[in-house]
Every structure is written in C-alpha cells, then in structure tokens.
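Values below: every heavy atom of this structure, side chains too, minus hydrogens, waters and symmetry copies.
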Amino acid sequence: MLDYKRYRRNPVVDFKERTWPNKEIEKAPVWCSVDLRDGNQALIEPMNVDEKMEMFDLLIKLGFKEIEIGFPAASQIEFDFLRRLVAENKIPDDVKVQVLSQCRKELIDRTYEAIQGIKNVVFHIYNSTSTLQRDVVFNMSEDEIVQIAIDGTRMVKEGLHKYDGNLQLEYSPESFSGTEVEFSARICNAVAKEWNHATDSPIIFNLPNTVEMNTPNVYADQVEWVSNHIEDRENTIISIHPHNDRGCGVACTELALLAGADRVEGTLLGNGERTGNVDILTVAYNMFSQGIDPELHIENINEIVDVYERCCKMDVDLRHPYAGKLVFTAFSGSHQDAINKGVKAMKERKSEIWQVPYLPIDPADIGRKYEPVVRINSQSGKGGVAFVMDTVYAKRICGCDSVYFRAGRWGSKTRNHHGFL
C-alpha cells in the first residue's frame, strides 16, 4: 500500500480578492523560447553548435522575438554558439537574445564579454528563494537570500558601461512556486529598488513554477498576489516559467495569464527538466482554436517536429496535442460518424467557421493532411466506412489531386470533375 502519510499538502494562498477566475485570455503573451537553454540542458545528448544554429533559425522563422540561448559564462559551447551568432550576423534587430547567469561577479563579467556586438539583450539573473532550499541547500535567512539578489543586480548595473547595446534586466526568484508570496514580493521589490530604472526597458520579474507543487489555481493565485504587490507594476513585466511535474503545465500557464502574466517562457513541444517545461505550441494552438492570434508562425507543425526530433534526438509522442501523428485520427465508429456528418454539414452550409465534432481545429490549418482523420479498425462503424469511401476511395478511382477540407470546402487545390475546389 502506498505510504501516503509520508507526504503533506503544499500550502495554498489565502487570497479572497483574486480576480482571475472572471477573466478570459484575449491576446497572446510575449513568448520567450528557452529551448536552447532549459530544453537543451535536459537532453541526454545536448545539442552541438550546428544543431543549436538550426534550432535558432527555426525559432526565428516561427516568430519568436525573445530567445534564451544559454548560460554563456558556464559553458564554452554556449559561449562559442553566442559568438557565432554574432559573427554570422544571425540575430535580427528586432529579436532579443536572453542570457542566464547566477548572481556571481565572475559569471556576470564573463556574460558581458559574451554579449558584445548584440543589439538587444535580456540579462537574466536568479537565485533560489523557496522555503525548502533556504533551509536544506543554502542554510540562509531571508535577509541573506535577498542580499544575494541585490548584489547580483548591482553587479549587472555596474557592468552596463561594458555594453553598448540595449539591455533589459530579468530577475527570477527561482523555485517561486515553493516560496511564500510575501517573500517573493519582497525580494522582487528589493531588486527593482537596486536597479532603479538603470535602463529604459521595463524590468522583467519571472515567476517560475520551477517544481509544480499544487493545482493550477494555486499558481494563478501566487502570480496575481505578487503582481498586485509589485511596487512599480506599470514599469514591470510579469513573466512565468512553468514546468510540468504534475502534468498541469499548460493549465498553469493559461490560468497565470488570466492572473496578469504578460510573458511566457517555455519550449517547443514541452522539452525540459524532469517532465518538461510548458509546451508553448500547445498553449499557442489552444489560443488559435479560440479565434485568438497566437502571434507565432506555426502553420507547419510537421516542419517543427522534424527539426525538433533531429536536434533534440527525441521522438514526439503519437498522442501529443496537435503534433502527434494520431491526434487528428478517429478509430471509434461514433466519432467517425460525427466527423463525417460535421464535414457534410459545413459543405452544405458553405460555412467559413470551423465546427466539426471531435476536431477542435482544421488539421490543414497547421499543415496536417486530412486523409488519416478517419481510419478503419475493429472499433469502426458504417460512418467511418462511408467517410473513407466518400473521400479517399473516390479520390483514388478518379486520380484527382489530394482531397482536403479548408475554409468550409471539402476538395482539392484545383477544381476536379467532382466539382471540388
């Protein structure tokens, strides 16, 4: 029998003033990819420089404007990768490169050396703040932990004379989800006071769900509480960095956006330490399915999967949301029947709005072929057989172009003798 008595509930936030349950997501956040840092450090075989270059090119193509490239002061390969980006002029003027450093002078100095020649940089510093780590890892008081953050901020500020680009400070109270909200707000406000608008860019406070410890509503409460207690909120960007230890990374992200987060750090397809970072693609496609512009160029999921699997040397699960090979496939007879009827209804009504049972989005919108939507096995029924006969079989006997459903019309890219468009 499981010895559940070894464990205890993690504390929740006493926050009756919460407002996030009454809100809706209305726009995309600022996206920051951490595939080249958090995602890469979690690989069995981390990417080499060439693989990093390919992944960076993909992230630029997808429209990311903020990309954390690594920890250049701690790894020679990450330092060399960053310098290669500069040497080959790979960083667009409207893209911010994010670099990570602990609050130590030699690391901050080395990071300044790495970012020379880059126009826009997010300088990301952090130290762990959780109750447990203060006790068992650092054996430090709250005041001592705050002083680490203040000292790190001061060192970044003092190093500004070494850099002639645009620098934005990001501070993370690492292990935020295990930190008292009062202490999180205190340390963030201390960092802001020390920074004191040292540059024109608003400071970023990143609130990581470093280890997912509770239900998503609790993380949302933590984010909203701290957001409400930041002293200079109008000059602050609230960022989140969810992990997926309880399998709720996407839910935590979406509720935290309701709670006031402005920015999301995550990875393509959820790669990252332990069970992974939040999957940015899933969050973005979820927005798309609700009629919200995700502000990323994610029309071709197959290309993304190809680059991801090649560079990360990991396979995407068949049932992975949106990206899995079987997620737009129905084997059940009742599902097949409903899909068949939904497609026919849209065709007859000439509807421009996608409404098909069991398919939240049109697979063609993200570059997926429509033919495998219905597949026959022992669980299939006459609806599935009718669907296959009407589409795949009809296409084969006439030799017409690949049949697909797009913008309310079931057909091919060119008109054929079936009358399809």
Distance, nearest 0.5 Å, that separates CG of Asp262 from CD1 of Ile238: 6.5 Å

query: Does Arg263 count as lying over the ring of Phe205, i.e. NZ or CZ under 6.0 Å from the six-ring centre, within 45 degrees of the axis?
result: no

message: Is there a salt bridge (charged side-chain N to carboxylate O under 4.0 Å, His left out) between Lys325 and Asp315? Walk through the geometry before answering.
response: CA-CA 11 Å; Lys325 292 181 179 178; Asp315 295 329; over 6 Å; no

query: Can you find a heavy atom in the side chain of Pro208 that is under 4.5 Å from one in the side chain of Ser175?
result: no

task: Enter the distance from Ile298:CD1 to Leu268:CG here, rounded to the nearest 0.5 Å.
output: 10.0 Å

- request: Can you measure from OG (Ser289) to OH (Tyr322) and round to the nearest 0.5 angstrom?
  value: 4.0 Å

- request: Verify the distance criterion only: is there a donor paired with an acceptor across the side chains of Glu194 and Thr153 at less than 3.5 Å?
  value: no

field: Stepwise side chain to side chain contact (heavy atoms under 4.5 Å, CB included) check, Lys313 with Glu51
entry: CA-CA 10 Å; Lys313 296 167 281 290; Glu51 290 165 340; 3.1 Å; yes

message: Evaluate Asp362 against Arg368 for salt bridge (charged side-chain N to carboxylate O under 4.0 Å, His left out), listing each step before the verdict.
response: CA-CA 9 Å; Asp362 181 351; Arg368 298 293 295 273; over 6 Å; no

message: Looking only at the side chains, is there a donor atom on one of Asp337 and Asn340 sitting less than 3.5 Å from an acceptor on the other?
response: no

query: Would you say Asp365 and Phe288 make side-chain contact, with heavy atoms under 4.5 Å?
result: yes

field: Validation row: Glu66, Ser33 side chains within 4.5 angstrom (heavy atoms)
entry: no

task: Measure the NZ-CD distance between Lys96 and Glu170 for me, rounded to the nearest 0.5 Å.
output: 10.5 Å

Gap between atom CD1 of Ile204 and atom CG of Asn206 - 0.5 Å precision: 8.0 Å

message: Regarding Ser334 and Ser332, do their side chains bring together a donor and an acceptor under 3.5 Å, going by distance alone?
response: yes

- prompt: Considering only heavy atoms from C-beta outward, does the side chain of Pro173 approach that of Thr179 to under 4.5 Å?
  reply: no

query: Are Ile240 and Glu265 close enough that some pair of their side-chain heavy atoms sits under 4.5 Å apart?
result: no

query: Any sub-3.5 Å donor-acceptor pair from Arg18's side-chain atoms to Phe15's backbone N or O?
result: yes

query: Testing Ile25, Val264, Ile280, Thr282 for side chain to side chain contact (heavy atoms under 4.5 Å, CB included) with Thr253, which one passes?
result: Val264

- request: Check whether any side-chain N or O of Glu224 sits under 3.5 Å from a backbone N or O of Trp20 as a donor-acceptor pair, and report yes or no.
  value: yes

message: Within the 4.5 Å heavy-atom criterion, are His229 and Trp225 side-chain neighbours or not?
response: yes

message: Is the shortest side-chain heavy-atom distance between Met287 and Leu257 below 4.5 Å?
response: yes

field: Heavy-atom check, side chain of Leu167 versus side chain of Tyr163, under 4.5 Å
entry: yes

- line: Rounded to the nearest 0.5 angstrom, the CG-OH distance for Asp279 and Tyr285 is 9.5 Å

field: Short side-chain donor-acceptor distance under 3.5 Å, Asn214 and Asn10
entry: no

- request: Indicate yes or no for a side-chain donor-acceptor contact from Asn127 to the backbone of Ile145 under 3.5 Å, with no hydrogens or angles considered.
  value: yes

- prompt: So, Asn209 and Ser177: side-chain donor and acceptor under 3.5 Å apart, yes or no?
  reply: yes

- request: May I have the step-by-step check of salt bridge (charged side-chain N to carboxylate O under 4.0 Å, His left out) for Glu295 and Lys65, ending in yes or no?
  value: CA-CA 10 Å; Glu295 299 181 15; Lys65 300 302 181 184; over 6 Å; no

task: Could you tell me whether a side-chain N or O of Glu254 sits under 3.5 Å from a main-chain N or O of Ala251, the two making a donor and an acceptor?
output: no

- request: Mark yes or no: Arg37 above the aromatic ring of Phe71, with NZ or CZ under 6.0 Å from the six-membered ring centre and no more than 45 degrees from the axis.
  value: no

